[in-house]
Amino acid sequence: MEEQFLLVELRRGNKNAFSHLFMAYYKDLVMFAGSYLGERNISEDVVQSVFLKVWNDRESLIIETSFKSYLLASVRNSCLDEIRHRYVVREHESIILSHLELDDIDTENYILYSDLYDHLREALDKLPIACREAFEMSRFEQLKYKEIAVKLNVSERTLGLLRHYLRDFLSALITTFP
């Protein structure tokens with residue numbers, strides 16, 4: 001059948017005309033799409049989508065060249081859209097994966113911090129009040145041991161008790177993070 005006649009019939013909704021056009025061009029268009037995409041299944045999906053669009057837009061379809069040229073241009077544009085889509089998906093996947101990796105690290109750090117905090121609270125509770133105050137001045141007020149000793153009226157040696165209580169946990173922490 002002549003292509004122009006088939007297009008007129010297609011515009012009228014003739015399913016046989018559509019089937020004839022589909023069968024005439026489908027295989028070549030799939031191979032053409034494959035040259036862009038490299039995957040047969042996706043190439044077939046692209047070509048089927050183009051033909052679906054042709055069917056849906058059949059009444060308003062304007063073809064200024066040959067139908068084959070129209071189909072080739074449509075398939076090419078759809079392939080380029082697919083390639084752009086793949087690029088966007090890969091970019092988002094890498095962003096998501098990097099966030100997941102960061103989230104895993106943050107989770108591990110939170111757990112480690114939580115364990116350290118629990119052990120620290122436990123050790124501080126075992127200390128005499130003056131030593132606990134000394135530690136808090138050292139860590140939270142950034143005072144030197146000598147300044148703390150003067151402020152609390154204790155010896156610098158007494159301040160070393162805190163290290164004793166945290167010794168086991170700190171050595172485990174040091175071996176975990178070389």
Side-chain angles (χ1 to χ4, degrees), residues 1-124 136 139-140 142 166 168-178:
M1 295 179 143
E2 186 181 317
E3 187 175 276
Q4 289 303 319
F5 173 75
L6 291 172
L7 289 175
V8 169
E9 288 299 306
L10 173 68
R11 282 190 188 96
R12 290 183 183 160
N14 184 327
K15 292 179 183 176
N16 288 331
F18 177 78
S19 293
H20 195 281
L21 291 168
F22 182 87
M23 297 303 271
Y25 296 113
Y26 180 78
K27 186 177 177 181
D28 289 340
L29 291 172
V30 169
M31 288 182 8
F32 179 67
S35 69
Y36 282 94
L37 303 172
E39 295 179 51
R40 182 167 179 88
N41 291 341
I42 295 177
S43 298
E44 288 176 346
D45 289 346
V46 165
V47 173
Q48 289 170 10
S49 293
V50 167
F51 272 106
L52 182 61
K53 184 168 175 32
V54 166
W55 177 256
N56 289 335
D57 296 344
R58 69 187 175 275
E59 293 173 0
S60 61
L61 199 61
I62 299 171
I63 300 173
E64 297 174 357
T65 60
S66 72
F67 186 60
K68 184 174 185 174
S69 295
Y70 173 84
L71 290 172
L72 287 169
S74 296
V75 168
R76 182 195 68 228
N77 292 338
S78 294
C79 288
L80 294 175
D81 288 344
E82 176 65 24
I83 291 167
R84 280 190 285 274
H85 174 72
R86 288 179 183 184
Y87 175 77
V88 169
V89 167
R90 275 194 304 271
E91 287 297 308
H92 287 314
E93 283 175 345
S94 67
I95 290 169
I96 289 169
L97 288 175
S98 70
H99 278 80
L100 287 176
E101 290 169 4
L102 288 176
D103 288 345
D104 289 345
I105 291 169
D106 289 344
T107 302
E108 289 173 17
N109 286 340
Y110 175 78
I111 291 169
L112 182 62
Y113 174 79
S114 179
D115 285 349
L116 177 59
Y117 182 78
D118 290 344
H119 281 81
L120 181 60
R121 273 286 129 218
E122 194 177 299
L124 288 174
E136 290 170 353
R139 294 298 174 226
F140 306 126
Q142 281 78 39
L166 290 176
D168 293 336
F169 186 73
L170 289 175
S171 65
L173 183 64
I174 290 169
T175 56
T176 305
F177 294 100

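The shown structure was predicted, so the numbers you read here are calculated from the model rather than taken from an experiment.
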Report task. Side-chain contact test, heavy atoms from C-beta onward, threshold under 4.5 Å: evaluate it for E3 versus I63 and give yes or no. Result -> no
**Report entry** Validation row: L7, R11 side chains within 4.5 angstrom (heavy atoms)
**Finding:** yes
Report summary line: With sequence neighbours left out, the residues meeting side-chain contact (heavy atoms from CB on, under 4.5 Å) with S69 are T65, S66
Query raised in the report: Which residue pairs pass the salt bridge (Lys or Arg N to Asp or Glu O under 4.0 Å) test with at least one member in residues 59-74, sequence neighbours excluded?
Result: none
Suppose we screen for side-chain hydrogen bond (donor to acceptor under 3.5 Å, both in side chains). Which residues come up paired with [X], at least two apart in sequence or across chains?
| X | value |
| --- | --- |
| E9 | R12, N14 |
| S49 | none |
| N77 | none |
| E44 | R40 |

In Å, rounded to the nearest 0.5 Å, how long is the span from [atom1] of [X] to [atom2] of [Y]?
| X | Y | atom1 | atom2 | answer |
| --- | --- | --- | --- | --- |
| I42 | L37 | CD1 | CG | 6.5 Å |
| L72 | C79 | CG | SG | 10.5 Å |
| E39 | R86 | CD | CZ | 4.5 Å |

Sequence neighbours left out, what passes salt bridge (Lys or Arg N to Asp or Glu O under 4.0 Å) with [X]? Give chain and number order.
| X | answer |
| --- | --- |
| D28 | none |
| K53 | D57 |
| D81 | R84 |

Report summary line: For L10 and A17 the tightest heavy-atom approach is N-CB, 4.0 Å
Requested in this report: Provide the closest heavy-atom pair for V30 versus S43 in the form atom of the first, atom of the second, distance.
Outcome: O-CB, 3.7 Å
Report task. Please list all pairs passing the ring-ring contact (aromatic ring centres under 6.0 Å, His included) test where one or both residues lie in residues 21-40, with sequence neighbours left out. Result -> F22-Y26, F22-F51, Y25-F67, F32-Y36
